[in-house]
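Below is one structure, written out as structure tokens, with a few remarks after it.
Order of the sequence lines fixes the chain letters, A, B, ..., with proteins taken first and strands second; residue numbering starts at 1 for each chain. This one's a predicted model, so the numbers in the text were calculated from it and none came from an experiment.
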Amino acid sequence: MNSNLVYELVKKIPRGQAATYGRIAKALKLPGGARAAGRAMAACPSGLGIPWHRVVGAGGRLLLREPNASLQRKLLESEGLRLAEKRILEFSSHEWTPGKARHRAPAQSRQKTG
DNA sequence: CATCTGACGACCG
DNA sequence: GCGGTCGCCAGAT
């Protein structure tokens with residue numbers, strides 16, 4: 001069950017950051033690449049505390065469609081991320097990579113009281 | 001089995 | 001920066 005690995009991985013995504021489908025697929029060596037990760041996310045179960053909203057397309061693009069599209073935006077903004085109309089601003093500064101996730105963020109993540 | 005579709009990514013104009 | 005297209009694989013009809 002590869003999809004299960006995807007859920008475990010996205011759960012490791014820290015708050016205020018986001019990962020891409022391709023990155024996840026590549027990290028888990030999913031066959032089919034980003035598509036496989038997307039397929040797994042589409043079946044993303046609820047109640048397991050999976051921050052699915054922290055998963056976006058390459059370059060921080062928001063690919064989801066309503067109602068999730070709107071929901072993801074709301075959740076991401078709630079985490080302090082700055083969003084454009086259809087993408088994450090300064091994404092490369094918030095782009096999280098599996099394995100590189102270590103004790104601190106590469107850039108200033110938190111901004112004061114939220 | 002054939003066909004269409006999809007929470008993707010990279011390339012081209 | 002935006003839209004169109006091809007490549008990739010799996011699921012649903």
Start with the C-alpha gap between A:Q72 and A:L62, add the side-chain angles, then the distance that decides, and say whether side-chain contact (heavy atoms from CB on, under 4.5 Å) holds. CA-CA 8 Å; A:Q72 183 179 43; A:L62 304 177; 3.8 Å; yes
Test item: A:L9 and A:L5 side chains (from C-beta on) under 4.5 Å apart, heavy atoms: no
One pair to check against salt bridge (Lys or Arg N to Asp or Glu O under 4.0 Å): A:R54 and A:E79. What are the steps and the verdict? CA-CA 10 Å; A:R54 293 181 193 153; A:E79 298 198 349; 2.7 Å; yes
Report all interatomic pairs (protein N or O, nucleotide N or O of nucleotides 7-10 of chain B) with separations under 3.5 Å.
from: B:dA7; atom 1: N3; to: A:Y21; atom 2: OH; distance (Å): 2.8
from: B:dG9; atom 1: OP1; to: A:G22; atom 2: N; distance (Å): 3.1
from: B:dG9; atom 1: OP1; to: A:A58; atom 2: N; distance (Å): 3.3
from: B:dG9; atom 1: OP2; to: A:A58; atom 2: N; distance (Å): 2.7

Worked check of side-chain contact (heavy atoms from CB on, under 4.5 Å) between A:I13 and A:V55: CA-CA 9 Å; A:I13 301 177; A:V55 187; 4.2 Å; yes
Side chains of A:V56 and A:F91 in contact at under 4.5 Å (non-hydrogen atoms): yes
Using atom NZ of A:K26 as one end and atom C1' of C:dC9 as the other, report the distance to the nearest whole Å. 18 Å
